[in-house]
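Here is the structure we will look at, set down as structure tokens.
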There are 2 protein chains.
Amino acid sequence: MATKQRGRPRSFDRDEALEKALHAFWQHGYEATSVADLTRVLGIGAPSLYAAFGDKKALFDAAVEAYATSDNGTFIDRALAEEPTAVAAFTRILREAAVGYTAPDRPRGCMVLSVGVSATTPEVVAKMRELRALNLAVMTARVQADVTAGVLPPGTDPEKLATYAGAVLQGMSAQARDGADRELLQRVAEVAAAGFAAAAEGREVGASGA
Amino acid sequence: MATKQRGRPRSFDRDEALEKALHAFWQHGYEATSVADLTRVLGIGAPSLYAAFGDKKALFDAAVEAYATSDNGTFIDRALAEEPTAVAAFTRILREAAVGYTAPDRPRGCMVLSVGVSATTPEVVAKMRELRALNLAVMTARVQADVTAGVLPPGTDPEKLATYAGAVLQGMSAQARDGADRELLQRVAEVAAAGFAAAAEGREVGASGA
DNA sequence: CCCTTTCTGTAAAGGTCGCTACAGAAAGGA
DNA sequence: TCCTTTCTGTAGCGACCTTTACAGAAAGGG
């Protein structure tokens with residue numbers, strides 16, 4: 001289609017600009033990243049930005065889409081699909097999260113988990129919440145699959161386990177943003193993975209109290 | 001001291017107004033709660049608000065102070081001080097968090113954990129981060145105390161356990177805000193408490209993989 | 001009663017926000 | 001070369017933000 005475009009050529013690369021916008025949103029959140037910030041970071045004027053992406057929300061949506069389809073946004077689905085058991089998958093997810101949330105070349109934490117909970121614009125809140133709910137559903141289904149297949153005992157509670165894993169991931173993302181280093185997060189991931197395995201496999205662990 | 005004040009009396013109760021402001025900040029966050037919102041919720045004009053509390057940030061600080069000294073802000077310290085062991089204390093903390101984060105008469109989640117990570121104004125970010133770091137330090141010290149007292153084995157890693165607990169609490173707060181009901185959060189708390197106890201008491205739980 | 005003190009409502013200043021009208025620049029087509 | 005098409009920079013729009021100036025209202029002191 002239209003290999004030769006007609007008018008004045010664009011002065012910037014759209015994908016590069018999108019990635020810069022993603023990093024800005026990822027670091028500072030939706031509302032706190034102003035269009036003025038974006039034009040500065042992308043090195044283009046506001047009209048160019050609006051012509052290329054629509055408005056600020058559309059640019060954010062495109063950035064989220066880019067995030068969701070990148071390694072950062074797909075490592076959970078990949079682990080759930082590739083590992084032979086739910087326990088193995090979640091162990092891998094927690095370990096990879098510890099590494100991914102503290103990568104030196106990108107903002108800390110998970111965009112959907114950390115930026116997502118900081119947004120206040122209704123449409124953005126809804127979209128991010130939907131993504132989190134989707135992740136929880138996928139994780140729940142993976143546990144349920146192991147129960148159905150007989151890998152995990154019949155009494156297993158998939159919703160509980162998935163929510164537990166989701167909570168730990170959310171906490172790790174927040175801790176990473178607060179400056180926790182990778183090595184500490186990795187130790188936390190091991191505790192969480194062990195706790196997940198114990199709960200999944202129905203091992204009774206007596207907590208004090210009732 | 002001055003029992004008889006001289007000028008025109010204030011038309012509202014300062015503490016009641018402070019609590020309303022706390023709830024507004026707690027629900028919507030610092031930046032998303034505008035002064036116009038506050039004057040509407042408190043039922044007073046902007047000049048009255050500024051005369052009574054200073055500026056928006058000072059009002060937020062006062063609200064955080066009120067939160068931190070309330071039951072919601074002290075249940076962690078109380079559990080750490082009152083329970084005989086660190087494991088018992090953290091079990092209680094996680095259970096109380098599940099209940100407190102889903103109380104029907106106040107905003108969901110923890111203000112310091114959830115609103116704290118959503119703020120972008122530098123002074124507010126710093127203050128909330130400091131409160132989170134303080135909580136982590138207190139929790140770490142409590143575990144260390146049990147190690148020193150011989151209640152927990154010498155190889156115990158207090159920083160790891162405290163960060164794990166902090167991450168779970170942060171995740172539970174976020175899940176509560178996302179709409180997780182109390183009963184689900186309580187199940188999650190049990191998994192986390194069991195995982196904490198297992199890790200604290202040095203029980204080897206074989207996770208798959210390395 | 002009048003003065004001082006303090007609070008109240010109106011109303012606006014000064015700044016930033018997202019967004020866009022407009023004129024000029026840079027390309028291809030004829 | 002001239003036209004059309006598309007992008008770029010300037011400059012500004014209205015809306016909202018936090019904060020305050022100002023005049024009037026409501027209390028006590030003398």
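Computed over heavy atoms, backbone and side chain alike; hydrogens, waters and symmetry mates excluded. So you know, we letter chains A, B, ... as the sequences are listed, proteins then strands, and number each from 1.
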Polar-atom pairs under 3.5 Å, protein N or O versus N or O of nucleotides 15-20 of chain D: list them with distances, or write none.
| residue | atom | partner | partner atom | Å |
| --- | --- | --- | --- | --- |
| D:dT18 | OP1 | B:Lys56 | NZ | 2.7 |
| D:dT18 | OP2 | B:Val35 | N | 2.7 |
| D:dT19 | OP2 | B:Tyr50 | OH | 2.6 |
| D:dT19 | OP2 | B:Lys56 | N | 3.1 |
| D:dT19 | O5' | B:Tyr50 | OH | 3.3 |

Below 3.5 Å between N/O atoms, which protein atoms pair up with nucleotides 3-5 of chain D? Just atom names and distances, please.
| residue | atom | partner | partner atom | Å |
| --- | --- | --- | --- | --- |
| D:dT4 | O2 | A:Arg6 | NH2 | 3.4 |

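With sequence neighbours left out, B:Asp178 forms a side chain to side chain donor-acceptor pair (under 3.5 Å) with A:Arg132. Applying the ring-ring contact (aromatic ring centres under 6.0 Å, His included) test to B:Tyr101 and every residue at least two apart in sequence or in another chain returns nothing. The side chain to side chain contact (heavy atoms under 4.5 Å, CB included) test applied to A:Ser48 returns A:Phe12, A:Ile44, not counting sequence neighbours. For A:Val41, the side chain to side chain contact (heavy atoms under 4.5 Å, CB included) test picks out A:Lys20, with sequence neighbours left out. For A:Gln27, there are no side chain to side chain donor-acceptor pair (under 3.5 Å) partners two or more places apart in sequence or in a different chain. A search for side chain to side chain donor-acceptor pair (under 3.5 Å) contacts involving B:Thr163 returns nothing, not counting sequence neighbours. By the side chain to side chain donor-acceptor pair (under 3.5 Å) test, B:Arg106 is found to be paired with B:Asn72, residues two or more places apart in sequence or in another chain being considered.
Sorted by first and then second residue, the salt bridge (Lys or Arg N to Asp or Glu O under 4.0 Å) pairs with a member in residues 21-47 of chain A read A:Asp37-A:Arg40; sequence neighbours excluded. Pairs engaging residues 164-176 of chain B under the side chain to side chain donor-acceptor pair (under 3.5 Å) rule: A:Tyr164-B:Tyr164, B:Ser114-B:Ser173 [sequence neighbours left out].
When the side-chain nitrogen and oxygen atoms of B:Ser48 are compared with OP1 and OP2 of C:dT8, one or more of them lie within a distance under 4.0 Å.
Atoms CG (B:Leu49) and P (C:dG9) sit 12 Å apart, rounded to a whole Å. Summarising the geometry, the separation between CD on A:Gln5 and P on C:dG29 is reported as 11 Å, rounded to the nearest angstrom. Taking atom CD1 of B:Ile44 as the reference point, atom P of C:dT6 lies 18 Å away to the nearest angstrom.
Within residues 11-20 of chain A, the residues that have a heavy atom under 4.0 Å from DNA chain D are, in order of number, A:Ser11, A:Phe12.
Taking the six-membered ring for Trp and thresholds of 30 and 60 degrees, A:Tyr30 and A:Phe60 have ring planes more than 60 degrees apart, a perpendicular arrangement.
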